[in-house]
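Have a look at the structure below, then the notes.
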Amino acid sequence: MAQTETPGTEVVPRTRLRWWTELPLLLLVYGCYSAGRLLVRGDVDDAVDHGLALLRAEKLLHLNAEHPLNRLFTREPWLGIPADFWYASLHYLVTPAILIWLFRNRAEHYRRARAWLMTSTFIGLIGFTLVPTCPPRLLAANEGFVDTMAHYSSYGWWGGDASAPRGLGGMTNQYAAMPSLHVGWALWCGVMLWRHGGTRLTKVLAVLYPLGTALVVMGTANHYLLDALAGIAVMGVGHLLAPRVLRAVDLVRARLFKGFGAGGSPIVSGGCQTSAGERIPRQRESRPGTKAEPDPSPTDAGDGAPAPAR
């Protein structure tokens, strides 16, 4: 019995992951993130007000993790210098490394993980846009914070005004403290290592990396405790939205695939059915009990063969 597909239920073939399509996509997302930070700098006075408001909120909640950590990192170079290197480099290295590892070794989980990371990054960009926030290191000196990046700038490649390389600090948005995507991305890395690492070492790293990043961003006076908590919240929202984002992408792909397929020529034996009584052109109809014979042609008959009766 011939089977037909219900319209609208066609299955879109899953595209095989290719690095030459994934890399431009990831670079595009990171470029949007960086450009958004650069172009949407916000008003400095508003950013300072938002930073002070966070400090007041933490005081009301009896939270004060930044000051003791910052004093410790400033007083102890053996802690402060590695922390600055951690802050300035690891999120550029660890996050892409885990993406590549998932792509190569956990391909069945890669697409969902990528969608989660990208969705959360765009949510963070919205936060930078709507709530520009001055980090603790850029507040007035009477607030009690020391900019460890400037304090130890002679040990690293960064300048005194940002974690960017010397001379490029002015090209970054230094008022993008809320939320902390350093913490958010580190949490994503930890979850990926915990879920898919498979060894005791990866599970240990899954806990230490996000925890260490949270301590570093506060100890270097780049983020408040509430920034770190907001980074965790952003990743939570991104995790909830990622399946919907994937479904939306698949729906768009399905419509595009259907549109391209409608304009192409049908493929015989590709699931197409012929209606009753319909014959393919030049195909003779066979009756029960008779064998289909080829059409006689002048080339098939001999020179002395009589012509067929008309």
Side-chain angles (χ1 to χ4, degrees), residues 25-42 46-47 50-51 53-55 57-58 61 63 65-66 86-87 90-96 98-99 102 109-136 163 172-195 206-249:
L25 176 62
L26 296 174
L27 292 177
L28 175 63
V29 172
Y30 186 76
C32 292
Y33 163 73
S34 300
R37 288 189 58 175
L38 177 62
L39 296 176
V40 188
R41 299 191 179 206
D46 286 344
H50 292 154
L54 288 178
L55 282 180
E58 291 185 5
L61 295 172
L63 301 174
E66 304 94 329
W86 183 312
Y87 180 83
L90 284 192
H91 71 293
Y92 292 114
L93 300 175
V94 176
T95 309
I98 291 181
L99 270 173
L102 289 172
H109 304 293
Y110 170 80
R111 192 165 176 260
R112 171 68 182 270
R114 179 197 62 190
W116 178 16
L117 182 66
M118 291 182 175
T119 303
S120 302
T121 299
F122 277 114
I123 295 173
L125 182 57
I126 295 172
F128 301 154
T129 304
L130 299 180
V131 190
T133 304
C134 179
S163 60
T172 62
N173 178 12
Q174 300 189 66
Y175 301 103
M178 170 63 78
S180 172
L181 286 185
H182 272 75
V183 173
W185 290 349
L187 176 63
W188 178 89
C189 293
V191 172
M192 294 302 106
L193 289 173
W194 184 275
R195 284 182 176 177
V207 175
L208 292 182
Y209 181 59
L211 179 59
T213 299
L215 296 175
V216 161
V217 299
M218 290 186 289
T220 57
N222 279 286
H223 288 282
Y224 308 90
L225 175 60
L226 291 181
D227 293 343
L229 296 178
I232 295 172
V234 162
M235 298 308 296
V237 175
H239 185 268
L240 294 176
L241 292 179
R244 294 173 173 82
V245 172
L246 284 178
R247 283 197 293 270
V249 171

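Please read these numbers as outputs of a predicted model, since none were measured by experiment.
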Working to the nearest 0.5 Å, report the span between [atom1] of [X] and [atom2] of [Y].
X	Y	atom1	atom2	value
Leu63	Leu54	CG	CG	11.5 Å
Thr119	Leu246	OG1	CG	7.5 Å
Leu211	Leu187	CG	CG	11.5 Å

Can you name the closest pair of heavy atoms from [X] and [Y] and give their distance?
X	Y	result
Met192	Ile98	CB-CG2, 3.9 Å
Leu226	Met178	O-CE, 4.0 Å
Leu102	Ala113	CD1-CB, 3.8 Å
Ala242	Ala115	CB-C, 4.1 Å
Pro179	Gly124	CD-O, 3.8 Å
Ser120	Gly238	OG-CA, 3.3 Å

- Glu66 side chain to Pro136 backbone, donor-acceptor under 3.5 Å: no
- Task: Output yes when a side-chain donor or acceptor of Trp185 lies under 3.5 Å from a complementary backbone atom of Thr121, and no otherwise.
- Result: no
- Task: Not counting sequence neighbours, which residues clear side chain to side chain contact (heavy atoms under 4.5 Å, CB included) with Pro210? List them please.
- Result: Ala186
Does the side chain of [X] reach to within under 4.5 Å of the side chain of [Y], using non-hydrogen atoms?
X	Y	result
His223	Val183	no
Leu90	Thr213	no
Ile123	Leu241	yes
Leu99	Leu117	yes

- Sole residue of Tyr92, Tyr209, Trp86, Tyr87 in ring pair (Phe, Tyr, Trp, His ring centres under 6.0 Å) with His182: Tyr87
- Message: So, using ring pair (Phe, Tyr, Trp, His ring centres under 6.0 Å) as the criterion, who are the partners of His239 when residues are at least two apart?
- Response: Trp116
